[in-house]
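Worksheet: one structure, shown below.
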Amino acid sequence: IYINNIIFFQPKTISVLKVAIVSKLREIMGDDSKIPSGKVINKWESLKSSERIKKAVGRINYQFPSQDRSKAMSDALLEVVQVCKKRDITLIGLKYPVSIEYVNNLDNDISDAEQIFIEQGLAIMDYKEYYLPHSNLFSGADHMNREGGKLLVELIFDSVSSNNDLIGN
(Lines give C-alpha, C1' and ligand atoms only; values in the text may rest on other atoms or scores of the structure.)
Protein backbone atom coordinates (compact mmCIF):
# COMPACT_ATOMS: atom_id res chain seq x y z
CA ILE A 1 0.00 0.00 0.00
CA TYR A 2 1.21 3.50 -0.65
CA ILE A 3 -0.16 6.21 1.69
CA ASN A 4 1.36 9.66 2.20
CA ASN A 5 4.78 8.66 0.84
CA ILE A 6 4.77 5.45 2.94
CA ILE A 7 4.74 1.94 1.53
CA PHE A 8 3.35 -0.87 3.67
CA PHE A 9 4.95 -4.04 2.33
CA GLN A 10 2.90 -7.13 3.14
CA PRO A 11 0.68 -9.27 0.90
CA LYS A 12 -2.20 -9.27 3.42
CA THR A 13 -2.49 -5.50 3.06
CA ILE A 14 -5.05 -5.82 0.28
CA SER A 15 -7.42 -7.65 2.66
CA VAL A 16 -7.10 -4.91 5.24
CA LEU A 17 -7.79 -2.26 2.61
CA LYS A 18 -10.83 -4.19 1.43
CA VAL A 19 -12.25 -4.16 4.95
CA ALA A 20 -11.61 -0.41 5.22
CA ILE A 21 -13.21 0.32 1.85
CA VAL A 22 -16.27 -1.87 2.43
CA SER A 23 -16.69 -0.36 5.89
CA LYS A 24 -16.57 3.15 4.42
CA LEU A 25 -19.07 2.15 1.71
CA ARG A 26 -21.47 0.87 4.35
CA GLU A 27 -21.11 4.15 6.21
CA ILE A 28 -21.86 6.16 3.07
CA MET A 29 -24.57 3.97 1.51
CA GLY A 30 -26.25 2.78 4.66
CA ASP A 31 -27.83 -0.18 2.86
CA ASP A 32 -25.82 -3.39 3.30
CA SER A 33 -27.85 -5.22 0.63
CA LYS A 34 -26.10 -3.24 -2.13
CA ILE A 35 -22.59 -4.10 -0.94
CA PRO A 36 -21.08 -7.51 -1.77
CA SER A 37 -20.30 -9.36 1.45
CA GLY A 38 -17.69 -11.77 0.12
CA LYS A 39 -17.36 -15.38 1.18
CA VAL A 40 -18.68 -16.56 4.52
CA ILE A 41 -16.04 -18.08 6.77
CA ASN A 42 -16.72 -20.16 9.87
CA LYS A 43 -15.88 -18.37 13.05
CA TRP A 44 -12.49 -19.32 14.40
CA GLU A 45 -13.74 -19.01 17.96
CA SER A 46 -16.46 -21.62 17.39
CA LEU A 47 -13.88 -24.34 16.70
CA LYS A 48 -12.65 -26.57 19.50
CA SER A 49 -9.18 -25.68 20.79
CA SER A 50 -7.71 -28.89 19.38
CA GLU A 51 -9.15 -28.09 15.94
CA ARG A 52 -7.77 -24.52 16.02
CA ILE A 53 -4.32 -25.90 16.93
CA LYS A 54 -4.51 -28.45 14.10
CA LYS A 55 -5.48 -25.75 11.60
CA ALA A 56 -2.77 -23.38 12.87
CA VAL A 57 -0.09 -26.07 12.53
CA GLY A 58 -1.35 -26.90 9.03
CA ARG A 59 -1.23 -23.25 8.03
CA ILE A 60 2.32 -22.84 9.39
CA ASN A 61 3.49 -25.97 7.56
CA TYR A 62 1.92 -24.66 4.35
CA GLN A 63 3.53 -21.21 4.69
CA PHE A 64 6.92 -22.51 5.80
CA PRO A 65 7.42 -25.89 4.10
CA SER A 66 11.14 -25.86 4.86
CA GLN A 67 13.61 -24.02 7.02
CA ASP A 68 15.49 -22.86 3.92
CA ARG A 69 15.34 -19.15 3.30
CA SER A 70 14.14 -17.97 -0.09
CA LYS A 71 16.97 -16.06 -1.73
CA ALA A 72 14.69 -14.89 -4.54
CA MET A 73 12.16 -13.38 -2.10
CA SER A 74 14.89 -11.79 0.02
CA ASP A 75 16.52 -10.31 -3.10
CA ALA A 76 13.16 -8.95 -4.27
CA LEU A 77 12.53 -7.27 -0.91
CA LEU A 78 16.05 -5.82 -0.87
CA GLU A 79 15.39 -4.40 -4.33
CA VAL A 80 12.15 -2.77 -3.07
CA VAL A 81 14.09 -1.32 -0.11
CA GLN A 82 16.73 0.14 -2.43
CA VAL A 83 14.16 1.66 -4.79
CA CYS A 84 12.35 3.25 -1.85
CA LYS A 85 15.58 4.67 -0.45
CA LYS A 86 16.53 6.15 -3.83
CA ARG A 87 13.11 7.80 -4.16
CA ASP A 88 12.98 8.97 -0.54
CA ILE A 89 9.95 6.78 0.22
CA THR A 90 9.51 5.52 3.77
CA LEU A 91 9.02 1.76 3.81
CA ILE A 92 7.30 0.31 6.86
CA GLY A 93 6.99 -3.36 7.69
CA LEU A 94 3.66 -4.53 9.03
CA LYS A 95 3.32 -7.65 11.18
CA TYR A 96 -0.32 -8.63 11.13
CA PRO A 97 -2.11 -10.09 14.15
CA VAL A 98 -2.26 -13.87 14.36
CA SER A 99 -4.10 -16.21 16.69
CA ILE A 100 -2.61 -17.54 19.90
CA GLU A 101 -2.62 -21.02 18.39
CA TYR A 102 -0.51 -19.76 15.51
CA VAL A 103 1.99 -17.96 17.77
CA ASN A 104 2.33 -20.95 20.09
CA ASN A 105 3.19 -23.29 17.22
CA LEU A 106 5.48 -21.04 15.20
CA ASP A 107 9.15 -22.06 15.51
CA ASN A 108 10.81 -18.90 14.28
CA ASP A 109 10.19 -15.53 15.85
CA ILE A 110 11.75 -13.46 13.08
CA SER A 111 10.80 -13.85 9.43
CA ASP A 112 13.19 -13.27 6.56
CA ALA A 113 11.43 -10.02 5.70
CA GLU A 114 11.61 -8.82 9.30
CA GLN A 115 15.33 -9.62 9.43
CA ILE A 116 15.88 -7.53 6.30
CA PHE A 117 13.91 -4.63 7.79
CA ILE A 118 16.00 -4.82 10.97
CA GLU A 119 19.28 -4.97 9.04
CA GLN A 120 18.21 -2.02 6.88
CA GLY A 121 17.11 0.04 9.91
CA LEU A 122 13.49 0.23 8.72
CA ALA A 123 10.44 0.67 10.93
CA ILE A 124 8.15 -2.26 11.68
CA MET A 125 4.61 -1.90 13.01
CA ASP A 126 4.26 -5.06 15.08
CA TYR A 127 0.69 -6.18 15.73
CA LYS A 128 1.48 -9.91 15.64
CA GLU A 129 0.45 -10.54 19.25
CA TYR A 130 -1.86 -7.55 19.66
CA TYR A 131 -5.12 -9.52 19.62
CA LEU A 132 -3.93 -12.88 21.01
CA PRO A 133 -6.65 -13.33 23.63
CA HIS A 134 -9.40 -12.38 21.15
CA SER A 135 -10.18 -15.46 19.05
CA ASN A 136 -13.50 -13.81 18.14
CA LEU A 137 -11.57 -11.40 15.88
CA PHE A 138 -10.14 -14.17 13.67
CA SER A 139 -11.55 -16.19 10.80
CA GLY A 140 -8.48 -18.44 10.71
CA ALA A 141 -5.12 -18.99 12.36
CA ASP A 142 -3.57 -15.96 10.71
CA HIS A 143 -6.49 -14.05 9.22
CA MET A 144 -8.72 -11.59 10.97
CA ASN A 145 -12.45 -11.55 10.36
CA ARG A 146 -14.33 -8.42 9.26
CA GLU A 147 -14.64 -7.07 12.82
CA GLY A 148 -10.96 -7.71 13.54
CA GLY A 149 -9.93 -6.19 10.21
CA LYS A 150 -11.92 -3.05 10.92
CA LEU A 151 -10.27 -2.67 14.34
CA LEU A 152 -6.84 -3.25 12.81
CA VAL A 153 -7.40 -0.67 10.06
CA GLU A 154 -8.39 1.91 12.68
CA LEU A 155 -5.34 1.01 14.78
CA ILE A 156 -2.95 1.31 11.82
CA PHE A 157 -4.34 4.62 10.62
CA ASP A 158 -4.34 6.02 14.17
CA SER A 159 -0.73 4.90 14.62
CA VAL A 160 0.43 6.39 11.35
CA SER A 161 -1.45 9.68 11.71
CA SER A 162 -0.33 10.25 15.31
CA ASN A 163 3.35 9.39 14.86
CA ASN A 164 5.09 12.17 12.94
CA ASP A 165 8.48 10.44 13.15
CA LEU A 166 6.98 7.33 11.59
CA ILE A 167 5.68 9.12 8.53
CA GLY A 168 8.79 11.28 8.12
CA ASN A 169 7.35 14.69 9.00
Side-chain angles (χ1 to χ4, degrees), residues 1-3 6-20 38-85 89-160 163 166:
I1 311 173
Y2 181 77
I3 303 171
I6 299 173
I7 292 180
F8 294 92
F9 184 78
Q10 222 287 354
K12 293 181 188 177
T13 302
I14 197 71
S15 299
V16 171
L17 279 179
K18 180 182 173 186
V19 169
K39 62 182 180 181
V40 175
I41 301 172
N42 291 336
K43 290 186 177 184
W44 181 251
E45 68 177 327
S46 67
L47 298 174
K48 293 179 183 177
S49 177
S50 60
E51 187 63 22
R52 287 196 308 256
I53 292 168
K54 181 179 174 185
K55 287 183 176 283
V57 169
R59 181 71 176 150
I60 290 166
N61 290 338
Y62 173 76
Q63 290 176 313
F64 308 104
S66 76
Q67 294 297 328
D68 298 333
R69 297 186 182 272
S70 170
K71 180 164 175 30
M73 290 195 65
S74 293
D75 289 346
L77 179 54
L78 284 168
E79 187 176 332
V80 169
V81 169
Q82 295 311 312
V83 167
C84 289
K85 285 183 178 182
I89 297 172
T90 303
L91 187 64
I92 299 174
L94 185 57
K95 291 176 69 175
Y96 282 83
V98 293
S99 68
I100 193 164
E101 293 84 4
Y102 190 94
V103 168
N104 288 343
N105 287 284
L106 190 61
D107 288 337
N108 59 342
D109 286 335
I110 297 180
S111 69
D112 296 346
E114 184 177 1
Q115 186 63 44
I116 290 170
F117 270 72
I118 292 168
E119 290 169 0
Q120 296 293 317
L122 300 170
I124 299 171
M125 295 174 76
D126 187 356
Y127 299 112
K128 180 179 173 181
E129 298 185 13
Y130 199 83
Y131 295 110
L132 282 184
H134 303 285
S135 62
N136 62 310
L137 298 177
F138 291 89
S139 62
D142 63 337
H143 289 95
M144 300 193 83
N145 60 24
R146 184 172 295 174
E147 180 185 355
K150 185 176 179 181
L151 291 172
L152 180 62
V153 166
E154 291 170 5
L155 182 64
I156 291 169
F157 282 108
D158 287 347
S159 295
V160 170
N163 191 337
L166 186 64

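Any value given below was found using the heavy atoms of this structure, including those in side chains, with hydrogens, waters and symmetry copies removed.
Residues passing the ring pair (Phe, Tyr, Trp, His ring centres under 6.0 Å) test with Y130 are Y127, sequence neighbours excluded. For the side-chain hydrogen bond (donor to acceptor under 3.5 Å, both in side chains) test, no residue two or more places apart in sequence or in another chain qualifies with E79. In this structure, N136 has no side-chain hydrogen bond (donor to acceptor under 3.5 Å, both in side chains) partners at least two apart in sequence or on a different chain.
Each of T90, L122, I92, L91 was checked for a side-chain contact (heavy atoms from CB on, under 4.5 Å) with C84, and the lone residue meeting it is L91.
If you take CD on Q82 and CD on Q120, they are separated by 5.5 Å, rounding to the nearest 0.5 Å. Considering NZ of K55 and CZ of R59, their distance stands at 11.5 Å, rounded to 0.5 Å. Atom CG of L151 sits about 9.0 Å away from atom CG of N145, to the nearest 0.5 Å. Atom CD in E129 sits 11.0 Å away from atom OG in S99 (nearest 0.5 Å). Here CG of L137 is found 10.0 Å from CG of L152. Values are rounded to the nearest 0.5 Å. We find the CZ-CD distance between F138 and E147 to be 11.5 Å, quoted to the nearest 0.5 Å.
Scanning all heavy atoms of the two residues, the minimum distance from I116 to V81 falls at CG2-CG2, 4.5 Å. M144 and P97 get closest at one heavy-atom pair: SD-CG, 3.5 Å. Taking each heavy atom of A123 and F117 in turn, the nearest pair found is O-CD2, 3.6 Å. Across all non-hydrogen atoms, the minimal contact from S135 to E45 is OG-CB, 3.5 Å. The two atoms that bring L106 and K128 nearest to each other are CD2-NZ, 3.6 Å, heavy atoms only.
The shortest distance between side-chain heavy atoms of D142 and Y96 does not fall below 4.5 Å. Counting heavy atoms from C-beta outward, I60 and D107 have side chains that stay 4.5 Å or more apart.
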